[in-house]
Number of protein chains: 2
Amino acid sequence: MLSRDQSVVTIQRELTAFARRARAAAARMHPELSLVSFTLLSHLEDQQGCRATDLAAYYMLDKSTISRQIAALEKLGFIERISDPDDHRIQLLQLTPAGTAKLAEAAELRRQAFHERLADWAPQDLDRFAEYLLRYNSLAEGGS
Amino acid sequence: MLSRDQSVVTIQRELTAFARRARAAAARMHPELSLVSFTLLSHLEDQQGCRATDLAAYYMLDKSTISRQIAALEKLGFIERISDPDDHRIQLLQLTPAGTAKLAEAAELRRQAFHERLADWAPQDLDRFAEYLLRYNSLAEGGS
DNA sequence: CTTCAGCGTTGTATTCTGCAACTGCCCGTG
DNA sequence: CACGGGCAGTTGCAGAATACAACGCTGAAG
């Protein structure tokens, strides 16, 4: 077994390597939907809609970046803005049917790719890997 | 236990979420060294030097992108190019002492952050998580 | 009413990235 | 030996993503 420090270094290195390739890999899988767009749509689906500021906070992006991404996605017809009647500063962002469909299509491509890559894994290993990632990311949510 | 499909979907989602934040997180940790620069330097250290083309292939980046990154890192004095005497097309890229020091400094910051985040984990879980990531990435190396 | 804070947009500059064209070099074939 | 093809790397160019700062609008607190 690796020492604690070796394990941490390995985890760090491998997660970084993955992150480094994720953008290009996502772009190859579905050229029309960048990694950012894809994750934003996913988030909207999971959350059943949310505000632009929430997206910015969650993904550590500037609100201006989100604003432009949102504008592009709206122009494509994938999301719509619903003004909050109580507070006109707030826009609730939601997926349109077209956006839901597009997201499902991209997600299916990704799902297939992941399934292929993980085809050889034992179910127990998959389960544990998923659990570890969840645990890691839940810790990361608060800060760095 | 989760079903195989649930596990795969979770792995996909969580890896993507991590990738989405990695750049910003890395930028906050050491503003002088972008995620790309950091990973390139790390790769050079691990491999004891390699060619620009190898970096491009490994990280799925265009060779022009690598070329520019390399040029910037050379200008900063972090790497040096050594022409292969047998084949003048080839440049062996290597870390300079300054590059090694800079990398160590950034790596230490990252290592601390990871250690903190993983402080609560049992050694066995760390070991398995590291193993899973290695296994996943080694499969990914060839293609998507 | 006035001031302040929160949400979102827009202007501007920087950085990253890919594609295509180009140079220089190596190697195999005729 | 000359030539053509292929590999390594660079550069010109354009597009996208991003951050920072300044602004406008709205709501809330005093």
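Put simply, A:Gln69 has no side-chain N or O that comes within less than 4.0 Å of OP1 or OP2 on D:dA16. Distances shorter than 4.0 Å separate none of the side-chain N or O atoms of B:Thr65 from OP1 or OP2 on C:dC16. Phosphate contact (OP1/OP2 of C:dT17, side-chain N/O of A:Arg28, threshold under 4.0 Å): absent. A close approach under 4.0 Å does not occur between any side-chain nitrogen or oxygen of B:Ser64 and OP1 or OP2 of C:dT17. Taking 4.0 angstrom as the limit, A:Ser34 places a side-chain polar atom (N or O) nearer than this to OP1 or OP2 of D:dA17. Taking only side-chain nitrogens and oxygens, A:Arg89 never comes nearer than 4.0 Å to OP1 or OP2 of D:dC25.
Between B:Arg51 and B:Asp84, no side-chain nitrogen of the basic residue sits less than 4.0 Å from a carboxylate oxygen of the acidic one, so the salt-bridge criterion is not met.
Within the nucleic acid shown, B:Leu61 comes within 4.0 Å of sugar-phosphate atoms alone, with no base atom in reach, counting heavy atoms only. Residue contacts shown for A:Asp86 are limited to sugar-phosphate atoms, with no base heavy atom under 4.0 Å away.
For B:Asp87 and A:Val36, each mapped to the nucleotide of DNA chain D holding its nearest heavy atom, the one lying further toward the 5' end belongs to B:Asp87.
Rounded to a whole Å, the CG atom of B:Asp62 is 15 Å from the C1' atom of D:dC7. For the pair B:Lys63 NZ and C:dC19 C1', the interatomic distance rounds to 11 Å; values are reported in whole Å. The distance from atom CZ of B:Arg68 to atom P of D:dC13 is 11 Å, rounded to the nearest whole Å. Between B:Leu93 atom CG and D:dA8 atom P the separation is 13 Å, expressed in whole Å. Atoms CD1 (B:Ile70) and P (D:dG9) sit 9 Å apart, rounded to a whole Å. Remark: C1' of C:dC7 and CZ of A:Arg81 are 12 Å apart, rounded to the nearest angstrom. The distance from atom CD1 of A:Ile82 to atom C1' of C:dC7 is 17 Å, rounded to the nearest whole Å. Protein atom CD of B:Gln91 is 14 Å distant from nucleotide atom P of C:dG24, rounded to whole Å.
Inter-residue side-chain proximity for A:Leu55 and A:Ile70 is flagged as met; some heavy-atom pair is nearer than 4.5 Å.
Defined by atom type and a distance below 3.5 Å, a donor-acceptor pair is present between the side-chain atoms of A:Gln112 and A:Glu108. Of the N and O atoms on the side chains of A:Ser64 and A:Asp62, at least one donor lies less than 3.5 Å from an acceptor on the other residue.
Taking every side-chain heavy atom of A:Ile90 into account, C:dC7 is the closest of C:dC7, D:dG9, C:dT17.
Outside the 6.0 Å centre-distance limit, the rings of A:Tyr136 and B:Trp121 are not counted as a close aromatic pair.
Between the side chain of B:Ser67 and the base of D:dG9, no donor-acceptor pair under 3.5 Å is found.
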